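Quantities reported herein were computed from a predicted structural model and do not represent experimental measurements. For ligands, and for the atoms within them, numbers begin at 1 and follow the listed sequence. Each residue takes its place number in the sequence, starting with 1.
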Amino acid sequence: MTRLRSVVRGCGSYLPRTTVTNDDLAARVDTSDDWIIQRTGIRQRHIAEADETTSVLGIKAAENALRDADIDPATIDLVICATSTPDHTFPSTATQIQAGLGIQSGAAFDLQAVCAGFVYAVATADKFLTTGAASRALVVGAETFSRLLDWEDRTTCVLFGDGAGALVLEAQPGEGRASDRGVLTSQLRSDGRHREKLYVDGGPGSTGTTGKLRMVGKEVFRFAVGSVTDVIAQAFEATGTTADELDWFVPHQANRRIIEASADKLGIAREKVVLTVDRHGNTSAASIPLALDAACRDGRIKRGDLVMIEAIGGGFTWGSALIRW
Ligand code: ACO
(Lines give C-alpha, C1' and ligand atoms only; values in the text may rest on other atoms or scores of the structure.)
Protein backbone atom coordinates (compact mmCIF):
# COMPACT_ATOMS: atom_id res chain seq x y z
CA MET A 1 0.00 0.00 0.00
CA THR A 2 1.41 3.40 -0.87
CA ARG A 3 0.72 6.44 1.25
CA LEU A 4 2.22 9.88 1.70
CA ARG A 5 4.93 10.39 4.32
CA SER A 6 6.38 13.63 5.73
CA VAL A 7 10.07 13.20 4.97
CA VAL A 8 12.84 15.32 6.51
CA ARG A 9 14.60 17.29 3.78
CA GLY A 10 16.62 19.67 5.94
CA CYS A 11 17.45 20.73 9.47
CA GLY A 12 18.86 23.97 10.89
CA SER A 13 19.20 25.98 14.07
CA TYR A 14 20.36 29.29 15.46
CA LEU A 15 21.50 30.46 18.90
CA PRO A 16 21.71 34.03 20.21
CA ARG A 17 25.25 35.47 20.34
CA THR A 18 25.44 35.93 24.14
CA THR A 19 26.13 32.96 26.44
CA VAL A 20 25.50 33.13 30.18
CA THR A 21 27.31 30.68 32.46
CA ASN A 22 26.16 29.36 35.84
CA ASP A 23 28.83 31.52 37.48
CA ASP A 24 27.37 34.59 35.72
CA LEU A 25 23.99 33.73 37.29
CA ALA A 26 25.56 33.12 40.69
CA ALA A 27 26.66 36.76 40.60
CA ARG A 28 22.97 37.81 40.32
CA VAL A 29 21.03 35.32 42.49
CA ASP A 30 21.84 32.98 45.39
CA THR A 31 22.88 29.88 43.40
CA SER A 32 26.04 28.03 42.36
CA ASP A 33 27.54 26.24 39.38
CA ASP A 34 27.59 23.01 41.44
CA TRP A 35 23.86 23.20 42.38
CA ILE A 36 22.75 23.90 38.81
CA ILE A 37 24.91 21.16 37.26
CA GLN A 38 23.93 18.57 39.88
CA ARG A 39 20.16 19.23 39.71
CA THR A 40 19.81 19.94 35.99
CA GLY A 41 22.99 19.22 34.00
CA ILE A 42 22.96 22.81 32.67
CA ARG A 43 26.34 24.57 32.34
CA GLN A 44 25.40 27.55 30.17
CA ARG A 45 22.55 28.99 28.10
CA HIS A 46 22.24 31.54 25.29
CA ILE A 47 20.25 34.70 26.07
CA ALA A 48 18.81 36.90 23.32
CA GLU A 49 19.79 40.58 23.08
CA ALA A 50 17.04 43.18 22.48
CA ASP A 51 17.38 42.96 18.68
CA GLU A 52 17.15 39.13 18.73
CA THR A 53 13.40 38.59 18.83
CA THR A 54 11.77 35.18 18.43
CA SER A 55 11.09 35.80 14.73
CA VAL A 56 14.71 36.90 14.14
CA LEU A 57 15.98 33.65 15.70
CA GLY A 58 13.33 31.66 13.79
CA ILE A 59 14.24 33.21 10.44
CA LYS A 60 17.93 32.39 10.93
CA ALA A 61 17.18 28.79 11.93
CA ALA A 62 14.80 28.44 8.97
CA GLU A 63 17.39 29.84 6.54
CA ASN A 64 19.86 27.23 7.77
CA ALA A 65 17.29 24.43 7.37
CA LEU A 66 16.37 25.60 3.85
CA ARG A 67 20.05 25.74 2.91
CA ASP A 68 20.49 22.21 4.27
CA ALA A 69 17.47 21.05 2.24
CA ASP A 70 18.79 22.90 -0.82
CA ILE A 71 15.33 24.06 -1.85
CA ASP A 72 13.84 27.37 -2.95
CA PRO A 73 11.91 28.98 -0.02
CA ALA A 74 9.14 29.92 -2.49
CA THR A 75 8.23 26.19 -2.71
CA ILE A 76 7.27 26.10 1.02
CA ASP A 77 3.47 26.14 1.30
CA LEU A 78 3.14 25.72 5.08
CA VAL A 79 5.01 27.49 7.92
CA ILE A 80 4.27 26.47 11.50
CA CYS A 81 6.07 28.18 14.36
CA ALA A 82 5.89 26.55 17.77
CA THR A 83 6.41 29.28 20.35
CA SER A 84 5.11 30.63 23.66
CA THR A 85 7.15 33.83 23.28
CA PRO A 86 5.81 35.46 20.09
CA ASP A 87 7.23 38.86 19.10
CA HIS A 88 3.71 40.29 19.47
CA THR A 89 0.32 39.01 20.57
CA PHE A 90 -0.48 39.17 16.86
CA PRO A 91 0.32 38.83 14.00
CA SER A 92 1.79 35.38 14.46
CA THR A 93 5.55 34.88 14.55
CA ALA A 94 5.09 32.33 11.74
CA THR A 95 3.86 35.05 9.38
CA GLN A 96 6.90 37.17 10.28
CA ILE A 97 9.18 34.21 9.54
CA GLN A 98 7.31 33.63 6.27
CA ALA A 99 7.80 37.29 5.27
CA GLY A 100 11.45 37.25 6.40
CA LEU A 101 12.10 34.33 4.04
CA GLY A 102 10.31 36.07 1.15
CA ILE A 103 7.52 33.45 1.02
CA GLN A 104 4.25 34.92 -0.27
CA SER A 105 2.02 31.89 -0.72
CA GLY A 106 0.66 29.06 1.39
CA ALA A 107 -0.35 29.28 5.05
CA ALA A 108 1.56 30.29 8.19
CA PHE A 109 0.46 30.07 11.81
CA ASP A 110 1.79 29.75 15.36
CA LEU A 111 1.18 26.75 17.56
CA GLN A 112 1.28 27.00 21.34
CA ALA A 113 1.91 23.90 23.41
CA VAL A 114 4.79 25.34 25.46
CA CYS A 115 7.74 22.92 25.63
CA ALA A 116 5.77 20.25 23.74
CA GLY A 117 5.16 22.77 20.95
CA PHE A 118 7.66 21.34 18.47
CA VAL A 119 6.24 17.80 18.76
CA TYR A 120 2.73 19.25 18.30
CA ALA A 121 3.96 21.25 15.28
CA VAL A 122 5.57 18.21 13.63
CA ALA A 123 2.36 16.21 14.21
CA THR A 124 0.27 19.04 12.71
CA ALA A 125 2.51 19.50 9.68
CA ASP A 126 2.40 15.72 9.17
CA LYS A 127 -1.42 15.82 8.96
CA PHE A 128 -1.26 18.57 6.29
CA LEU A 129 1.42 16.79 4.27
CA THR A 130 0.01 13.27 4.39
CA THR A 131 -3.49 14.42 3.39
CA GLY A 132 -2.18 16.42 0.43
CA ALA A 133 -3.19 19.75 2.00
CA ALA A 134 0.43 20.96 1.73
CA SER A 135 3.52 19.70 -0.06
CA ARG A 136 6.50 21.29 1.73
CA ALA A 137 6.39 22.48 5.33
CA LEU A 138 8.78 24.51 7.40
CA VAL A 139 8.38 23.58 11.06
CA VAL A 140 10.10 26.01 13.41
CA GLY A 141 10.54 25.98 17.19
CA ALA A 142 11.67 29.45 18.32
CA GLU A 143 11.74 30.96 21.80
CA THR A 144 12.99 33.89 23.85
CA PHE A 145 12.01 32.45 27.24
CA SER A 146 14.46 34.84 28.93
CA ARG A 147 11.80 37.56 28.41
CA LEU A 148 9.32 35.56 30.55
CA LEU A 149 11.65 34.92 33.47
CA ASP A 150 11.61 36.49 36.89
CA TRP A 151 15.35 37.15 37.16
CA GLU A 152 15.05 37.38 40.97
CA ASP A 153 13.65 33.83 41.22
CA ARG A 154 16.55 31.39 41.44
CA THR A 155 14.22 28.39 41.21
CA THR A 156 13.33 29.22 37.57
CA CYS A 157 15.80 31.72 36.08
CA VAL A 158 18.69 29.24 36.04
CA LEU A 159 16.77 26.70 33.94
CA PHE A 160 15.93 28.41 30.66
CA GLY A 161 17.62 29.77 27.54
CA ASP A 162 16.79 31.17 24.09
CA GLY A 163 17.21 29.75 20.59
CA ALA A 164 15.52 28.35 17.50
CA GLY A 165 15.56 25.26 15.32
CA ALA A 166 13.73 24.19 12.16
CA LEU A 167 12.93 21.21 9.97
CA VAL A 168 11.89 21.16 6.33
CA LEU A 169 9.37 18.35 5.78
CA GLU A 170 8.24 17.23 2.32
CA ALA A 171 5.37 14.95 1.24
CA GLN A 172 6.81 11.88 -0.48
CA PRO A 173 5.27 8.49 -1.29
CA GLY A 174 5.97 5.64 1.13
CA GLU A 175 4.96 2.00 1.47
CA GLY A 176 3.08 2.36 4.75
CA ARG A 177 5.76 0.40 6.59
CA ALA A 178 8.10 1.23 9.49
CA SER A 179 10.98 1.06 7.00
CA ASP A 180 9.59 4.16 5.19
CA ARG A 181 11.43 7.43 5.56
CA GLY A 182 9.42 10.18 7.27
CA VAL A 183 7.17 10.68 10.29
CA LEU A 184 5.93 7.18 11.15
CA THR A 185 3.60 8.17 13.98
CA SER A 186 2.86 11.01 16.38
CA GLN A 187 1.13 10.76 19.76
CA LEU A 188 -0.24 13.90 21.44
CA ARG A 189 -1.78 14.34 24.90
CA SER A 190 -2.85 17.15 27.21
CA ASP A 191 -4.41 17.50 30.66
CA GLY A 192 -5.37 21.05 31.63
CA ARG A 193 -5.93 20.19 35.30
CA HIS A 194 -2.20 20.77 35.86
CA ARG A 195 -2.26 24.47 34.97
CA GLU A 196 -0.97 25.73 38.34
CA LYS A 197 2.17 23.61 38.21
CA LEU A 198 3.69 25.49 35.29
CA TYR A 199 2.26 28.73 33.93
CA VAL A 200 2.82 32.39 33.16
CA ASP A 201 1.02 34.76 35.55
CA GLY A 202 -0.15 37.21 32.89
CA GLY A 203 -1.58 37.49 29.40
CA PRO A 204 -3.55 39.81 27.11
CA GLY A 205 -6.92 38.40 28.19
CA SER A 206 -6.30 38.45 31.95
CA THR A 207 -3.80 40.99 33.26
CA GLY A 208 -3.02 42.80 30.02
CA THR A 209 0.67 42.17 30.74
CA THR A 210 3.08 39.53 29.51
CA GLY A 211 3.58 38.01 32.95
CA LYS A 212 6.35 35.86 34.40
CA LEU A 213 6.92 32.11 34.42
CA ARG A 214 5.92 30.28 37.61
CA MET A 215 6.64 26.64 38.30
CA VAL A 216 6.36 24.02 41.00
CA GLY A 217 9.52 22.28 39.82
CA LYS A 218 9.21 19.12 41.91
CA GLU A 219 5.70 18.39 40.62
CA VAL A 220 6.73 18.97 37.00
CA PHE A 221 9.67 16.64 37.55
CA ARG A 222 7.45 13.93 39.03
CA PHE A 223 4.91 14.14 36.21
CA ALA A 224 7.60 14.24 33.52
CA VAL A 225 9.26 11.05 34.71
CA GLY A 226 6.09 9.28 35.83
CA SER A 227 3.64 9.91 33.01
CA VAL A 228 5.32 11.04 29.82
CA THR A 229 6.72 7.69 28.89
CA ASP A 230 3.19 6.58 27.85
CA VAL A 231 3.42 8.44 24.51
CA ILE A 232 6.76 6.82 23.75
CA ALA A 233 5.48 3.33 24.46
CA GLN A 234 2.45 4.12 22.26
CA ALA A 235 4.69 5.27 19.40
CA PHE A 236 6.56 1.95 19.51
CA GLU A 237 3.28 0.05 19.63
CA ALA A 238 1.72 2.01 16.73
CA THR A 239 4.68 1.26 14.47
CA GLY A 240 5.60 -2.23 15.64
CA THR A 241 9.08 -1.03 16.58
CA THR A 242 11.04 -1.43 19.82
CA ALA A 243 13.48 0.60 21.91
CA ASP A 244 16.28 -1.66 20.63
CA GLU A 245 15.62 -0.54 17.04
CA LEU A 246 15.87 3.13 17.95
CA ASP A 247 19.01 4.88 16.73
CA TRP A 248 18.50 8.20 18.56
CA PHE A 249 16.29 9.46 21.39
CA VAL A 250 15.97 13.25 21.17
CA PRO A 251 13.82 14.43 24.09
CA HIS A 252 12.90 17.95 25.15
CA GLN A 253 15.97 19.29 26.94
CA ALA A 254 14.60 20.40 30.31
CA ASN A 255 16.75 18.54 32.77
CA ARG A 256 19.41 15.85 32.44
CA ARG A 257 17.93 13.85 35.32
CA ILE A 258 14.44 13.77 33.73
CA ILE A 259 15.91 12.70 30.38
CA GLU A 260 18.06 9.91 31.81
CA ALA A 261 15.30 8.63 34.10
CA SER A 262 12.88 8.48 31.14
CA ALA A 263 15.42 6.71 28.92
CA ASP A 264 16.19 4.16 31.65
CA LYS A 265 12.47 3.50 32.25
CA LEU A 266 11.95 2.81 28.53
CA GLY A 267 15.05 0.64 28.12
CA ILE A 268 16.70 3.16 25.77
CA ALA A 269 20.48 2.91 26.03
CA ARG A 270 22.15 6.07 27.38
CA GLU A 271 24.47 6.30 24.33
CA LYS A 272 21.43 6.77 22.08
CA VAL A 273 20.28 9.85 23.99
CA VAL A 274 21.08 13.23 22.41
CA LEU A 275 21.82 15.78 25.16
CA THR A 276 22.26 19.50 24.61
CA VAL A 277 20.77 20.76 27.89
CA ASP A 278 24.30 21.36 29.19
CA ARG A 279 24.97 23.97 26.46
CA HIS A 280 21.48 25.36 25.75
CA GLY A 281 19.46 25.01 28.98
CA ASN A 282 15.71 24.57 28.49
CA THR A 283 14.76 26.45 25.30
CA SER A 284 11.13 25.20 25.40
CA ALA A 285 9.77 24.55 21.88
CA ALA A 286 13.21 25.17 20.36
CA SER A 287 15.04 22.51 22.35
CA ILE A 288 14.24 19.47 20.17
CA PRO A 289 15.09 21.01 16.78
CA LEU A 290 18.26 22.51 18.33
CA ALA A 291 19.24 19.03 19.56
CA LEU A 292 18.30 17.40 16.23
CA ASP A 293 20.45 19.88 14.36
CA ALA A 294 23.40 19.40 16.73
CA ALA A 295 23.24 15.62 16.17
CA CYS A 296 22.88 16.03 12.38
CA ARG A 297 25.81 18.46 12.19
CA ASP A 298 28.17 16.21 14.17
CA GLY A 299 27.23 13.20 12.04
CA ARG A 300 25.29 11.18 14.62
CA ILE A 301 21.84 11.33 12.94
CA LYS A 302 22.05 9.96 9.40
CA ARG A 303 19.56 9.21 6.63
CA GLY A 304 17.59 6.07 7.48
CA ASP A 305 18.09 6.36 11.26
CA LEU A 306 15.09 5.82 13.54
CA VAL A 307 14.68 8.92 15.75
CA MET A 308 12.22 9.40 18.63
CA ILE A 309 11.36 12.94 19.71
CA GLU A 310 9.41 13.52 22.91
CA ALA A 311 8.43 16.47 25.13
CA ILE A 312 6.29 17.69 28.01
CA GLY A 313 5.22 21.28 28.54
CA GLY A 314 2.87 23.52 30.50
CA GLY A 315 -0.78 22.52 30.56
CA PHE A 316 0.34 19.82 30.82
CA THR A 317 0.84 19.01 27.15
CA TRP A 318 3.04 16.15 26.00
CA GLY A 319 3.73 14.04 22.98
CA SER A 320 6.10 11.97 20.86
CA ALA A 321 6.89 11.45 17.20
CA LEU A 322 8.86 8.62 15.64
CA ILE A 323 10.74 9.68 12.52
CA ARG A 324 12.77 7.61 10.04
CA TRP A 325 15.36 10.22 8.99
N1 ACO B 1 20.27 27.43 43.42
C2 ACO B 1 20.46 26.97 44.67
N3 ACO B 1 19.45 26.45 45.40
C4 ACO B 1 18.24 26.39 44.84
C5 ACO B 1 17.99 26.85 43.52
C6 ACO B 1 19.08 27.39 42.81
N7 ACO B 1 18.96 27.83 41.57
N8 ACO B 1 16.69 26.65 43.23
C9 ACO B 1 16.14 26.08 44.31
N10 ACO B 1 17.07 25.92 45.27
C11 ACO B 1 16.91 25.35 46.62
C12 ACO B 1 15.46 25.36 47.08
O13 ACO B 1 15.12 26.60 47.63
C14 ACO B 1 15.48 24.25 48.10
O15 ACO B 1 16.02 24.75 49.28
P16 ACO B 1 15.43 24.28 50.73
O17 ACO B 1 15.68 22.79 50.77
O18 ACO B 1 16.25 25.06 51.70
O19 ACO B 1 13.98 24.63 50.68
C20 ACO B 1 16.49 23.25 47.53
O21 ACO B 1 17.27 23.98 46.57
C22 ACO B 1 15.86 22.06 46.84
O23 ACO B 1 14.83 22.55 45.94
P24 ACO B 1 13.92 21.56 45.14
O25 ACO B 1 12.93 22.38 44.38
O26 ACO B 1 13.45 20.49 46.06
O27 ACO B 1 15.02 20.95 44.14
P28 ACO B 1 14.80 19.81 43.08
O29 ACO B 1 15.76 18.73 43.34
O30 ACO B 1 13.35 19.45 42.88
O31 ACO B 1 15.32 20.55 41.76
C32 ACO B 1 14.44 21.56 39.77
C33 ACO B 1 14.65 21.68 41.28
C34 ACO B 1 15.80 21.53 39.10
C35 ACO B 1 13.64 22.78 39.30
C36 ACO B 1 13.68 20.25 39.47
O37 ACO B 1 12.56 20.14 40.30
C38 ACO B 1 13.25 20.17 38.03
O39 ACO B 1 14.07 20.10 37.14
N40 ACO B 1 11.94 20.15 37.76
C41 ACO B 1 11.42 20.08 36.43
C42 ACO B 1 11.44 21.43 35.85
C43 ACO B 1 11.20 21.42 34.38
O44 ACO B 1 11.61 20.55 33.70
N45 ACO B 1 10.52 22.47 33.92
C46 ACO B 1 10.32 22.68 32.56
C47 ACO B 1 9.14 21.95 32.06
S48 ACO B 1 8.91 22.25 30.40
C49 ACO B 1 7.97 23.64 30.11
O50 ACO B 1 6.86 23.53 29.65
C51 ACO B 1 8.50 25.02 30.42
Side-chain angles (χ1 to χ4, degrees), residues 20-45 54 82-85 111-121 141-163 188-192 194-201 210-229 231 250-263 275-278 280-288 290-291 309-320:
V20 173
T21 64
N22 294 342
D23 284 335
D24 293 335
L25 290 178
R28 294 172 69 163
V29 290
D30 181 16
T31 190
S32 67
D33 186 42
D34 272 358
W35 191 96
I36 301 171
I37 291 175
Q38 257 189 29
R39 304 282 175 134
T40 71
I42 299 168
R43 292 174 184 274
Q44 63 162 49
R45 71 287 292 141
T54 298
T83 188
S84 301
T85 47
L111 191 153
Q112 214 273 53
V114 204
C115 299
F118 191 75
V119 177
Y120 268 65
E143 300 278 20
T144 47
F145 250 57
S146 61
R147 319 265 215 253
L148 285 180
L149 298 177
D150 174 352
W151 286 99
E152 316 264 286
D153 176 9
R154 68 174 182 174
T155 69
T156 52
C157 76
V158 302
L159 302 176
F160 295 90
D162 302 330
L188 303 182
R189 300 284 178 277
S190 57
D191 185 345
H194 300 281
R195 174 189 178 277
E196 301 296 330
K197 291 171 190 158
L198 178 56
Y199 68 104
V200 169
D201 63 5
T210 306
K212 297 289 176 215
L213 183 144
R214 307 293 171 205
M215 179 172 73
V216 189
K218 250 191 191 342
E219 303 238 5
V220 178
F221 192 100
R222 199 172 299 131
F223 187 85
V225 176
S227 309
V228 173
T229 44
V231 287
V250 188
H252 170 47
Q253 307 283 317
N255 180 312
R256 187 185 184 115
R257 288 186 299 150
I258 295 178
I259 293 171
E260 292 183 342
S262 304
L275 271 177
T276 49
V277 69
D278 55 331
H280 302 164
N282 179 349
T283 57
S284 189
S287 90
I288 289 175
L290 274 161
I309 63 174
E310 164 270 327
I312 174 199
F316 291 133
T317 49
W318 66 106
S320 70

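- For the ligand labelled ligand 1, residue F316 lies outside the 4.0 Å heavy-atom shell.
- D278 places no side-chain N or O within donor-acceptor distance of the main-chain N or O of G41, the cut-off being under 3.5 Å.
- When hydrogens are left out, the protein atom nearest atom 51 (C) of ligand 1 is C115 SG, 2.8 Å; that is the closest non-hydrogen contact.
- The nearest heavy-atom contact from the protein to atom 13 (O) of ligand 1 is R154 NH2, 3.0 Å.
- For atom 33 (C) of ligand 1, the nearest non-hydrogen atom from the set F221, Y199, W35 comes from W35.
- For V29, no heavy-atom contact with ligand 1 is shorter than 4.0 Å.
- The shell of residues lying under 4.0 angstrom from ligand 1, judged by heavy atoms, excludes S284.
- Using a 4.0 Å threshold on non-hydrogen atoms, atom 25 (O) of ligand 1 does not count as touching the protein.
- Distance check for atom 41 (C) of ligand 1: a protein heavy atom is found below 4.0 Å.
- The one candidate from R195, K197, R189 that meets the side-chain contact (heavy atoms from CB on, under 4.5 Å) condition with F316 is K197.
- Here the side chains of W318 and D191 are in contact, with some heavy-atom distance below 4.5 Å.
- Between the side chain of N22 and the backbone N or O of I42 there is at least one donor-acceptor pair closer than 3.5 Å.
- Residue-level proximity to ligand 1 for T40 is carried by the side chain, the only part with a heavy atom below 4.0 angstrom.
- Considering both main-chain and side-chain atoms, N255 comes within under 3.5 Å of ligand 1 through a nitrogen or oxygen pair.
- The nearest non-hydrogen atom to atom 27 (O) of ligand 1, considering only M215, R39, E143, comes from R39.
- Between R257 and F221 there is a side-chain heavy-atom pair separated by less than 4.5 Å.
- Residue contacts with ligand 1, taken as heavy atom pairs separated by less than 4.0 Å, involve I258 solely via side-chain atoms from C-beta onward.
- The closest side-chain heavy-atom distance from I258 to Q253 is not below 4.5 Å.
- Taking a 6.0 Å sphere around CZ of R147, one finds it holds more than 12 heavy atoms contributed by other residues, nucleotides or ligands.
- Among all protein heavy atoms, the one lying closest to atom 44 (O) of ligand 1 is A254 CB, 3.4 Å.
- Residue contacts with ligand 1: I312 is included, with a non-hydrogen atom under 4.0 Å away.
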For residues 149-160, please give each side-chain donor-acceptor pair under 3.5 Å, one per line with the distance, not counting sequence neighbours.
residue: D150; atom: OD1; partner: E152; partner atom: N; Å: 2.9
residue: D150; atom: OD2; partner: R214; partner atom: NH1; Å: 3.0
residue: W151; atom: NE1; partner: S146; partner atom: O; Å: 3.2
residue: D153; atom: OD1; partner: T155; partner atom: N; Å: 3.0
residue: D153; atom: OD1; partner: T155; partner atom: OG1; Å: 2.6
residue: D153; atom: OD2; partner: T155; partner atom: OG1; Å: 3.3
residue: D153; atom: OD2; partner: T156; partner atom: OG1; Å: 3.0
residue: R154; atom: NH1; partner: D30; partner atom: O; Å: 2.9
residue: T156; atom: OG1; partner: D153; partner atom: O; Å: 3.4

